[in-house]
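Remarks on the structure that follows.
Note that the structure is predicted; figures quoted are calculated from it, not measured. Here is the naming used below: chain letters follow the sequence lines, and residue numbers restart at 1 for every chain. Below, all heavy atoms of this structure are taken into account, side chains as well, without hydrogens, waters or symmetry copies.
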Amino acid sequence: MRPANPEFLPDPALDRGEMEDLQFEVADAADWTDAFDFDPANVSLGTEASLTGERPLVAGVDQAFLGEEAVSAIVLMRGGEVVERVHAVTDLDIPYIPGLLSFREGGPIVAAFEQLSSDPDLVVFDGSGRIHFRQAGLATHLGVVFDVPSVGVAKNLLCGRTAEDVDGRPEGWRTDVVADSSVENAAPEDRIGHAYQSRQYDSEPIINPLYVSPGHRVSVPTATELVSRLCGGYKLPEPTREADAYADEAKGEYA
DNA sequence: GCGACAG
DNA sequence: ATCTTGTCGC
């Protein structure tokens, strides 16, 4: 799979101001409505007979690191079954800077996408989408570059505030993540994502919620709906877990 | 100046 | 993200 919109590719050689300008452009190009052609009801890990049609191809993307090199892994799944796994090893050009993650990991991820033989219907990224200072997090930036429906799943909140306290919530619970003054291109009370409790035990330990946000071509409620359908018995969605495990596996072969 | 900050 | 042993519990 190759970039549909190469003009938005995250170039690590840009200076900080240029990176931020590109992020504003990416946010303007992003579509946060449900602009995809599959039925969310067909996104599932099982093989229920209730499914109405072909189950969409879902990609999980994750990275592992070895010094100044990144291993980007993509695992393609259909109805809970892994159908393809690819990875790429590339040099890292810049350090991790909050808000500029796509410029550090974008290159490696694009390299991995080029190895993919089929195009996914939905991509799940490890990181934020709209929950970002310029609403152009990793999931949004790469979703726009490939013009593919995408969602961002983060383990921590980058910016914005949750509408309610998130501590000790039951499985399935969710609340809005609302834009605060740090989100430069959002209206004060814009809902930019959800805190979603994908897993919780009856007793200890207390599990923190996931922070889900639209990447591209997906709305806030649908992003969380899709993620909930991709979570099995664990906190993280299955495509993400598969990509994480594969990235570690591939990393081991290069170490 | 102070605090906050995905992976 | 990564560096890491043992340990508690289903």
Looking for any heavy atom pair under 4.0 Å, which part of the strands does Leu92(A) touch: base, sugar-phosphate only, or nothing?
nothing

Counting just side-chain N and O atoms, does Tyr211(A) come under 4.0 Å of either OP1 or OP2 of dA6(B)?
no

Lys251(A) has its side chain closest, among dA6(B), dT2(C), dG7(B), to dT2(C)

Of Val58(A), Thr222(A), Leu122(A), Val123(A), the residue whose pairing with Val151(A) passes side-chain contact (heavy atoms from CB on, under 4.5 Å)
Leu122(A)

Kindly say if Asn156(A) contacts the phosphate of dC5(B), meaning a side-chain N or O under 4.0 Å from OP1 or OP2.
no

Whole-Å distance separating the CD atom of Gln135(A) from the P atom of dA6(B):
17 Å

Rounding to an integer number of Å, can you tell me how far Arg161(A) CZ sits from dA6(B) C1'?
20 Å

If I take atom CD1 in residue Ile192(A) and atom P in nucleotide dA6(B), what distance separates them, rounded to the nearest angstrom?
14 Å

Please report the distance, rounded to the nearest Å, between CZ in Phe103(A) and P in dA6(B).
17 Å

Between Glu238(A) and Arg78(A), does any NZ, NE, NH1 or NH2 come within less than 4.0 Å of an OD or OE carboxylate oxygen?
no

From the options Arg169(A), Lys235(A), Glu171(A), select the one residue that forms a side-chain contact (heavy atoms from CB on, under 4.5 Å) with Ile207(A).
Lys235(A)

Rounded to whole angstroms, how far apart are OH on Tyr96(A) and P on dA6(B)?
4 Å

When the distance from CZ of Phe125(A) to P of dA1(C) is rounded to whole Å, what number comes out?
17 Å

Nucleotide dG7(B), atom P - distance to CG of Leu142(A) in whole Å
15 Å

Go through dA6(B), dT2(C), dC5(B) for me and flag the one nearest to the Phe133(A) side chain.
dC5(B)

Can you tell me the distance, in whole Å, between the NZ atom of Lys155(A) and the C1' atom of dA1(C)?
9 Å

Contact class for Phe65(A) vs. all strands (heavy atom < 4.0 Å): base, sugar-phosphate, or nothing?
sugar-phosphate

Would you verify whether the NZ or CZ of Arg241(A) falls within 45 degrees of the ring axis of Tyr234(A) while also being under 6.0 Å from that six-membered ring's centre?
yes

Taking any heavy-atom pair under 4.0 Å as a contact, classify Gly99(A): base, sugar-phosphate, or nothing.
base

Salt bridge or not for Asp176(A) and Arg191(A), using N-O below 4.0 Å?
yes

